[in-house]
Trainee: 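Can you keep this structure in mind? I'll have questions shortly.
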Amino acid sequence: MASSRGQRVAIAESKSPMSAIFANLYDKDSNPGGLYNVGIAENVLMHEILLEYITKQQPDLPTRYLTYNQGGGGSMRLKAAIGRFLTRHFHPVAPIQPDHVVVTNGLAAALEHLSWALADPGDGILLGRPYYGAFIPDLSLRSATEVVEVAFDGCDPLGASAAQKYEQALLDFQHRTGKQVRVLVLCHPHNPLGRCYPRDTIIQLMRLCQKYGVHLVSDEIYGLSTWQNQIDNDTNSPQPVEFESVLSIDTTDLIDNRLVHCLWGLSKDFGANGLRIGAIISQTNRTLHAILSGTSPYSYVSGLSDHVAASLLEDDAFTAQYLHQNRQRIATSFHFAARYLKDRGIEYATGCNAGFFLWMNLGKKYLEVHPDRLAELTGDALTEEIMRLLVSKKVFLASGLAFGSEQPGWFRIVISHPVDFLQEALRRVEAAVCE
């Protein structure tokens with residue numbers, strides 16, 4: 001009744017909790033007994049402001065937005081708007097032109113396009129741990145590539161020694177399979193660690209990619225959701241670094257420009273997951289653009305979303321004000337959540353200054369409170385037990401099991417919620433591990 005690959009997907013989906021979670025989310029009016037969702041990466045802090053802006057526009061929609069318009073890769077107007085907006089905010093070495101941009105219905109589609117275009121079935125794609133869990137299916141589900149998870153064995157995944165770990169993983173994969181690694185994917189700023197890659201680390205990874213002819217794909221969807229960290233100021237914390245796009249680095253004598261690709265979209269920086277607007281920016285690889293022209297009909301953006309996004313990005317005054325206020329609100333929520341965890345002795349990965357996340361060690365706290373369970377809850381069993389307890393308290397976090405955590409007991413909490421919502425969610429988290 002179905003293909004073998006379809007059956008594998010069906011089995012995987014049957015084990016996923018996401019359908020049940022979406023069906024039972026907390027709502028103070030319609031579902032007060034539902035799950036407090038602080039596990040899915042959505043920024044709800046600015047929804048009312050963005051909706052008010054879109055509603056007030058009341059656009060006189062041209063009829064072309066009810067047609068196929070200018071093709072699956074987005075209208076020329078939207079590509080120009082994205083290029084101009086990112087040139088202003090990402091400070092690329094060369095301005096981003098409309099023909100550097102391919103628009104997709106979100107970055108999941110963009111990643112799948114790049115995996116399919118740049119790697120053959122069985123080829124490797126390097127991905128450092130921990131990682132955003134959906135990267136695995138995005139990069140490998142339909143393209144049949146192999147995601148090569150890079151372990152760091154206690155060293156900083158964003159630090160100076162990271163490139164050596166990537167290189168060792170590449171060599172091990174090639175020796176094991178006889179296949180080639182074709183792509184290295186960064187999430188920059190990092191999800192779930194909430195940090196930006198230092199410029200020196202990116203340069204080292206560029207040199208590594210040049211050495212082996214590997215494409216560097218930098219997912220920069222959180223690039224404008226950065227803020228000042230005023231709580232992690234002890235000497236043992238990684239020092240927050242400012243975000244610098246891969247496009248802002250002069251690649252002369254580092255890497256062939258045709259191997260460098262940047263991704264961005266409206267889902268995170270503008271809190272608009274539902275508009276489904278993503279972009280692939282590749283400034284010199286015309287072969288890739290020819291390929292994406294052929295595959296773009298499979299990720300066509302709605303004409304209405306195309307129009308709304310272009311109008312938004314063309315408004316310099318509104319976007320500047322919006323991004324400033326968004327950063328302030330994320331910082332407020334982060335500092336509340338971080339202080340809450342510090343006050344209760346719950347460890348989290350420090351040095352954050354970007355994105356919506358805290359990566360926290362609930363396993364350590366749970367075993368401190370329940371030392372009698374130390375022997376029985378080893379490895380994945382610890383994470384699974386804590387997830388069970390969290391769900392029993394009607395709160396959902398992203399599990400480290402799905403995010404490639406190198407140690408058990410780690411979870412990602414999304415902090416881009418109002419403080420009162422976060423307070424109740426954190427109270428439930430604390431109850432799950434401490435009662």
Trainee: Answer whether the closest heavy-atom distance between the side chains of Phe411 and Trp359 falls below 4.5 Å.
Mentor: no
Trainee: Okay, side chain of Arg412, backbone of Gly39: is any donor-acceptor separation there less than 3.5 Å?
Mentor: yes
Trainee: How many angstroms lie between atom CG of Leu50 and atom OH of Tyr322, to the nearest 0.5 angstrom?
Mentor: 4.5 Å
Trainee: Does the structure place the NZ or CZ of Arg344 under 6.0 Å from the centre of the six-membered ring of Tyr340, at an angle of no more than 45° from the ring's axis?
Mentor: yes
Trainee: Looking at His335 and Ala331, would you say the former's side chain and the latter's main chain have a donor-acceptor pair under 3.5 Å?
Mentor: yes
Trainee: Start with the C-alpha distance between Phe421 and Tyr36, add both sets of side-chain angles, then the distance that settles ring-ring contact (aromatic ring centres under 6.0 Å, His included), and finish with yes or no.
Mentor: CA-CA 8 Å; Phe421 186 92; Tyr36 267 64; 4.6 Å; yes
Trainee: Classify the ring geometry of Phe270 against Trp264: parallel below 30°, tilted from 30° to 60°, perpendicular beyond 60°.
Mentor: perpendicular
Trainee: With rounding to the nearest 0.5 Å, note down the distance linking CG in Leu341 to OH in Tyr348.
Mentor: 7.5 Å
Trainee: What closest approach, in Å, do Gly34 and Arg428 show between heavy atoms, and which atom pair accounts for it?
Mentor: O-NH1, 4.1 Å
Trainee: Can you say whether the rings of Phe152 and Tyr166 are parallel (under 30°), tilted (30 to 60°) or perpendicular (over 60°)?
Mentor: perpendicular
Trainee: Taking atom CD of Gln228 as the centre, does the number of heavy atoms from other residues, nucleotides or ligands within less than 6.0 Å exceed 12?
Mentor: no
Trainee: For the backbone of Ser248 and the side chain of His91, can you confirm whether one donor and one acceptor N or O come within less than 3.5 Å of each other?
Mentor: no
Trainee: Give a yes-or-no answer on whether the side chains of His215 and Arg258 include a donor-acceptor pair shorter than 3.5 Å.
Mentor: no
Trainee: Are any of the side-chain heavy atoms of Ile125 and Val185 separated by less than 4.5 Å?
Mentor: yes
Trainee: Given salt bridge (charged side-chain N to carboxylate O under 4.0 Å, His left out), test Lys179 with Asp120 step by step and report yes or no.
Mentor: CA-CA 9 Å; Lys179 294 277 192 175; Asp120 286 318; over 6 Å; no
Trainee: Just by modelled atom types, is the Tyr132 backbone N or O under 3.5 Å from a matching donor or acceptor in the Asn191 side chain?
Mentor: no
Trainee: Check Arg88 with Glu314, please: is the shortest side-chain N to carboxylate O separation under 4.0 Å?
Mentor: no
Trainee: We want to know whether Asp172 and Gln168 form a side-chain donor-acceptor pair, criterion being a heavy-atom distance below 3.5 angstrom.
Mentor: yes
Trainee: Please answer whether the main-chain N or O of Pro130 pairs with a side-chain N or O of Glu406 as donor and acceptor at a distance below 3.5 Å.
Mentor: no
Trainee: Evaluate the side-chain proximity of Ser267 to Arg276: yes if any heavy-atom separation is below 4.5 Å, no if none is.
Mentor: yes
Trainee: Tell me yes or no: between the side chains of Tyr53 and Asp315, is some donor less than 3.5 Å from an acceptor?
Mentor: yes
Trainee: Salt bridge or not between Arg199 and Glu244? Use side-chain N to carboxylate O under 4.0 Å.
Mentor: yes
Trainee: Are the ring centres of Phe135 and Tyr131 closer than 6.0 Å?
Mentor: no
Trainee: Do the side chains of Val101 and Ile280 get nearer than 4.5 Å, heavy atoms only?
Mentor: no
Trainee: Could you tell me if the side chain of Ile82 sits less than 4.5 Å from the side chain of Ile96, heavy atoms only?
Mentor: no
Trainee: Using every non-hydrogen atom in the two residues, find where Pro157 and Ala162 come nearest and quote the distance to one decimal.
Mentor: O-CB, 3.4 Å
Trainee: Under the salt bridge (charged side-chain N to carboxylate O under 4.0 Å, His left out) rule, what do Asp316 and Arg84 come out as? Steps first, then yes or no, please.
Mentor: CA-CA 10 Å; Asp316 293 347; Arg84 179 176 169 275; 2.4 Å; yes
Trainee: Ignoring hydrogens and geometry, is there a side-chain-to-backbone donor-acceptor pair from Arg129 to Gly404 under 3.5 Å?
Mentor: yes
Trainee: Any side-chain to backbone donor/acceptor pair from Ser416 onto Glu42? Under 3.5 Å, distance only.
Mentor: yes
Trainee: Does any donor atom in the side chain of Tyr212 or Glu167 lie under 3.5 Å from an acceptor atom in the other side chain?
Mentor: yes
Trainee: Looking at Asp250, I want to see if its CG is surrounded by more than 12 non-hydrogen atoms of other residues, nucleotides or ligands under 6.0 Å.
Mentor: yes
Trainee: Could you measure the distance from the CG atom of Leu247 to the OG1 atom of Thr87? Nearest 0.5 Å is fine.
Mentor: 8.5 Å
Trainee: Could you tell me if the side chain of Phe396 sits less than 4.5 Å from the side chain of Ile21, heavy atoms only?
Mentor: yes
Trainee: Any side-chain donor-acceptor pair under 3.5 Å between His261 and Ser282?
Mentor: yes
Trainee: Under 3.5 Å, is there a donor-acceptor pair between the side chain of Ser305 and the main chain of Leu275?
Mentor: yes
Trainee: Would you say the side chains of Asn326 and Asn43 form a donor-acceptor pair under 3.5 Å?
Mentor: yes
Trainee: Could you report the tightest heavy-atom contact between Asp269 and Ser225, atom names first, then the distance?
Mentor: OD1-OG, 2.6 Å
Trainee: How are the rings of Tyr222 and Phe356 set relative to one another: parallel (under 30°), tilted (30 to 60°) or perpendicular (over 60°)?
Mentor: perpendicular
Trainee: Starting at CZ of Arg182, measure out to CG of Leu184 and round the result to the nearest 0.5 Å.
Mentor: 14.0 Å
Trainee: Nearest 0.5 Å, what's the CG-OG distance between Leu139 and Ser115?
Mentor: 5.5 Å
Trainee: Distance only, no hydrogens: is a donor on one side chain within 3.5 Å (strictly under) of an acceptor on the other, for Ser299 and Asn105?
Mentor: no
Trainee: Does any N or O in the side chain of Asn353 come within less than 3.5 Å of the main-chain N or O of Asn229, such that one atom is a donor and the other an acceptor?
Mentor: no
Trainee: Out of curiosity, Thr295 OG1 to Glu112 CD, how far, rounded to the nearest 0.5 Å?
Mentor: 9.0 Å
Trainee: Distance alone, cut at 3.5 Å: any donor-acceptor contact between the side chains of Asn69 and Thr67?
Mentor: no
Trainee: Count the heavy atoms of every other residue, nucleotide or ligand shown that sit under 6.0 Å from CD of Glu242, and state whether that count exceeds 12.
Mentor: no
Trainee: Hydrogens and angles aside, do Ser75 and Asp306 bring a side-chain donor and acceptor to less than 3.5 Å of each other?
Mentor: yes
Trainee: CD of Gln328: more than 12 outside heavy atoms within 6.0 angstrom?
Mentor: yes
Trainee: Hydrogens and angles aside, do Ser245 and Glu220 bring a side-chain donor and acceptor to less than 3.5 Å of each other?
Mentor: yes
Trainee: Kindly assign one of parallel, tilted or perpendicular to the pair Phe334 and Trp227, based on the angle between their ring planes and the thresholds 30° and 60°.
Mentor: tilted
Trainee: Does any donor atom in the side chain of Thr350 or Arg195 lie under 3.5 Å from an acceptor atom in the other side chain?
Mentor: no
Trainee: Would you say the side chain of Val246 lies within less than 4.5 Å of the side chain of Met206, judging by non-hydrogen atoms?
Mentor: yes
Trainee: Does His289 offer a backbone N or O that forms a donor-acceptor pair with the side chain of Ser293 under 3.5 Å?
Mentor: no
Trainee: Which heavy atom of Ile136 sits nearest a heavy atom of Glu149, and at what distance?
Mentor: CD1-OE2, 4.2 Å
Trainee: Quick one: are Leu263 and Ile281 in side-chain contact, heavy atoms under 4.5 Å?
Mentor: no
